[in-house]
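This report concerns only the one structure given below.
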Protein chains: 2
Amino acid sequence: MDEREDLGAMLFRLGRDLLAMEQPILSRHELSMWAYAVLTALREGPTRTQAALAAGIGADKTRLIPVLDELQRRGLIEREPDPADRRVRLLGLTAAGRRLHRAVQEEIRAGEQRLLAGCPAQDREAFVRTLAALTARR
Amino acid sequence: MDEREDLGAMLFRLGRDLLAMEQPILSRHELSMWAYAVLTALREGPTRTQAALAAGIGADKTRLIPVLDELQRRGLIEREPDPADRRVRLLGLTAAGRRLHRAVQEEIRAGEQRLLAGCPAQDREAFVRTLAALTARR
DNA sequence: TATTGTTATACTCTATAACTATA
DNA sequence: TATAGTTATAGAGTATAACAATA
């Protein structure tokens, strides 16, 4: 048995550190973690249904609704019934939403660099690459 | 701005996958995640106070108490007042607790290998090493 | 009848604050 | 009075189930 800690425990702690780094940035822009996740998901392109969006970011569809309400109220997303099937809401970023997401993501990336700064560049690169491979959509 | 996802989002998903992998193992042994974390922490050696143990695994001291109650009831840990300061509880693993932890950890390590199996061995090694470095106790 | 989105509700997890026992 | 542990309670976050609108 290796001497290293369990992967789960290490991921838990690193995830918590990441969240602590992101929290002040997000709250400065009055965004919850889920609101930011929504903006990130919609940046890739509009989504056909709210349920698909929820599944995509690993959230429950019911808990997304107040988030979407707020983002719409602030003019950061568009959310209108699909003319072809009026049960469905088409979702997309507004220009303001796109701007806000870009600004926040820049700050978060800077924070990530700070967190990773202690490691050799080669390890850092392998770390991010492997993490991306392990979490790739299946 | 890179095209990769945010580190936080990737860690979140991978952490969730890890938890899903561990959950059936833990519940087969009737252990919660926190109970397993306690056994892991105590395996390194006995702890002087419950508060120190809680801080060590990143938990609140109040939420550890029912966990410790249960572990003690099952004879997996020792928990006795320090004769030198009877406010304090000395905590340690029993032989049964040590055995159970070892068995569970072996299953979890096997699950980790399965999760990492898709990556080149060199990346895998760098990933675990970097993760350990980033989460080292500061 | 099935599906999307919504609301209401219940449940779990977590932290805060009050209490006890020792010092 | 201060500290370790405990208990009680309230709050946040989450999921479950019922509901309305549309197909």
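Below, chain A is the first sequence line, B the second, and so on; all start at residue 1. Atoms considered below: every heavy atom in the structure, side chains included; atoms not considered: hydrogens, waters and symmetry mates.
- Between F12(B) and W34(A), the angle of the ring planes goes over 60°, which puts this pair in the perpendicular group of the 30/60° scheme.
- Under a hydrophobic-cluster definition in which Ile, Leu, Val, Met, Phe, Trp and Tyr are linked whenever side-chain heavy atoms come within less than 4.5 Å, directly or via other members, L90(B) and I65(B) are assigned to different clusters.
- Closest non-hydrogen pair, G97(A) versus L39(A), comes out as O-CD1, 4.5 Å.
- To the nearest 0.5 Å, the span separating OG1 on T94(B) from CD on Q72(B) amounts to 10.5 Å.
- Rounded to whole Å, atom P of dA12(D) lies 16 Å from atom CE of M33(A).
- The main-chain N or O of A132(A) is never found under 3.5 Å from a side-chain atom of E5(B) such that the two would form a donor-acceptor pair.
- Protein atom CZ of R16(B) is 11 Å distant from nucleotide atom C1' of dT14(D), rounded to whole Å.
- The separation between L64(B) atom CG and dT6(D) atom P is 10 Å, rounded to whole Å.
- Per the geometry, CG belonging to D60(A) stands 16 Å off C1' belonging to dC13(C), to the nearest Å.
- Close to dG13(D), at under 4.0 Å from its OP1 or OP2, lies no side-chain N or O of W34(A).
- You'll find that the side chain of T62(A) is closest to dA15(D), out of dT4(C), dG5(D), dA15(D).
- Nearest nucleotide to the side chain of I65(A), out of dA15(D), dT7(D), dT7(C): dT7(C).
- Mapping A59(A) and A52(B) onto DNA chain D via the closest heavy atom, the residue that lands nearer the 5' end is A52(B).
- A centroid separation of less than 6.0 Å is found between the aromatic rings of Y36(A) and H101(A).
- For R63(B), a side-chain nitrogen or oxygen approaches OP1 or OP2 of dA15(C) to under 4.0 Å.
- Note: CG (L68(B)) to P (dT7(D)) measures 12 Å, nearest angstrom.
- To the nearest angstrom, P of dT22(D) lies 15 Å from CD of Q50(A).
- The nearest whole Å value for the distance from the CZ atom in F12(B) to the C1' atom in dG13(D) is 11 Å.
- Remark: R79(B), R87(B), V88(B), R89(B) in residues 76-94 of chain B come within less than 4.0 Å of DNA chain D through at least one heavy atom.
- At whole-Å resolution of the value, NZ in K61(A) and P in dT3(C) are 11 Å apart.
- With hydrophobic clusters built from ILVMFWY side chains whose heavy atoms lie under 4.5 angstrom apart, L18(A) shares a cluster with L31(A).
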